[in-house]
Number of protein chains: 2
Amino acid sequence: MSEPASIQHLLALRAQGFRMTPQRVAILRVLDECGCHLSPSEIHQRAGEMIPNLTETTVYRNLDFLAQQGLVLIAHVGSGRIVYESAAHHHHHLYCRHCGFSVDINHEELAPLYKHIQDKTGFILDTSHVTFFGVCPQCANKENTKEN
Amino acid sequence: MSEPASIQHLLALRAQGFRMTPQRVAILRVLDECGCHLSPSEIHQRAGEMIPNLTETTVYRNLDFLAQQGLVLIAHVGSGRIVYESAAHHHHHLYCRHCGFSVDINHEELAPLYKHIQDKTGFILDTSHVTFFGVCPQCANKENTKEN
DNA sequence: AGTACTATTGTTATTTTTCACAATAAGGAC
DNA sequence: GTCCTTATTGTGAAAAATAACAATAGTACT
């Protein structure tokens, strides 16, 4: 079995003068293998098992770098901290701002909008992470009954 | 001239047991008057002129609260810090992840998508802030010329 | 293999953001 | 106005995130 796609992608970055350091590879691998959201400190912890004295600073820097390069996605969870996930997973999130319940939204749902915005602005849009906020059905019910 | 709409909104929250403190009013007023993005520390600075010994902690707490109540919007700028803006301004952002250039997107552009998601998930979506990331035309050109 | 270049790392210090808890003050009832 | 309840504040301390800079180590070249 060869390297996962993300690592291949990382290799490609060498052509642009970027380097493939063990720290960078480890961070990417952690996100790949998890396939879920991870906070910087969680990533630091897991990647630290492969890279003995990995620094938090380095983790932050690389998450930034990998996000810029499109290899990882930034997910704005709730109204708080930022978490990251491998770009292999193309979906978005919808959060209830009352109870925190979340729903995945497939990227296909956004495709028409993306096309529209691209045509209109000339930007090439990342398929990266978008987070929507709202009120879930249960909480909406509670609000209504309270008001009536 | 009566109070701005946001303050009226805040008054309405009293019915739910929340309180209208001078700190809260000041923070909301700062965002209203600015009409633009402000970081928590900028907000603290400006609101601090009205409320002598206003704490950073209080600013953070109230921004959180006001965002939850839908009175202010959270805007995720670039891949970094969170900034806030008054909910009076209903637009979204598209950022170039290379140069940071940004474009406003009117909420109307998102309306069809919002309807679609609401129908499908049963959520009631906030009109609050959504940020898209992409590559602006200039940067896209640079990338292409580099590759060829 | 050895060298040079420079992207990237670790270090140290600083800033930003959150937390826990006692003190305060907003709002309702009298 | 006074009293009561408790949401909200400030305080002090911790955790998370960023910045500057010298040391390290990928990468391309020979």
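Letters A, B, ... mirror the listed sequences (proteins, then strands); counts begin at 1.
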Show me the donor-acceptor pairs, under 3.5 Å and distance only, between side chains in residues 54-62 of chain A and residues at least two apart or in other chains.
| unit_1 | atom_1 | unit_2 | atom_2 | d |
| --- | --- | --- | --- | --- |
| A/N62 | OD1 | A/R24 | NE | 2.8 |
| A/N62 | OD1 | A/R24 | NH2 | 3.3 |
| A/N62 | ND2 | A/T58 | O | 3.4 |

Measure the distance from [atom1] on [X] to [atom2] on [N] and round it to the nearest whole Å.
X     : N      : atom1 : atom2 : answer
B/L63 : C/dT18 : CG    : C1'   : 14 Å
A/Q16 : C/dA7  : CD    : P     : 13 Å
A/D64 : C/dA7  : CG    : P     : 17 Å
A/H44 : C/dT9  : NE2   : P     : 12 Å
B/L10 : C/dA26 : CG    : P     : 13 Å

A/R46 side chain reached by A/C34 side chain, heavy atoms, under 4.5 Å: yes

Below 4.5 Å, heavy atoms only, C-beta onward: do A/V25 and A/M20 meet side chain to side chain? yes

Using the side-chain contact (heavy atoms from CB on, under 4.5 Å) rule, take B/L63 and B/Y84 through it: C-alpha gap first, then chi angles, then the decisive distance, then the call. CA-CA 8 Å; B/L63 288 173; B/Y84 293 84; 3.6 Å; yes

Taking protein heavy atoms under 4.0 Å as touching, what does nucleotides 4-17 of chain D look like 5' to 3' if B marks base contact, S marks sugar-phosphate-only contact and - marks none? -BBBSBBBB---SS

Give the intermediate values and the outcome of side-chain contact (heavy atoms from CB on, under 4.5 Å) for residues B/V72 and B/S86. CA-CA 4 Å; B/V72 308; B/S86 164; 5.7 Å; no

How far apart are the C-alpha atoms of B/I51 and B/I27, what are their side-chain angles, what is the distance that settles it, and do they pass the side-chain contact (heavy atoms from CB on, under 4.5 Å) test? CA-CA 10 Å; B/I51 312 286; B/I27 289 167; over 6 Å; no

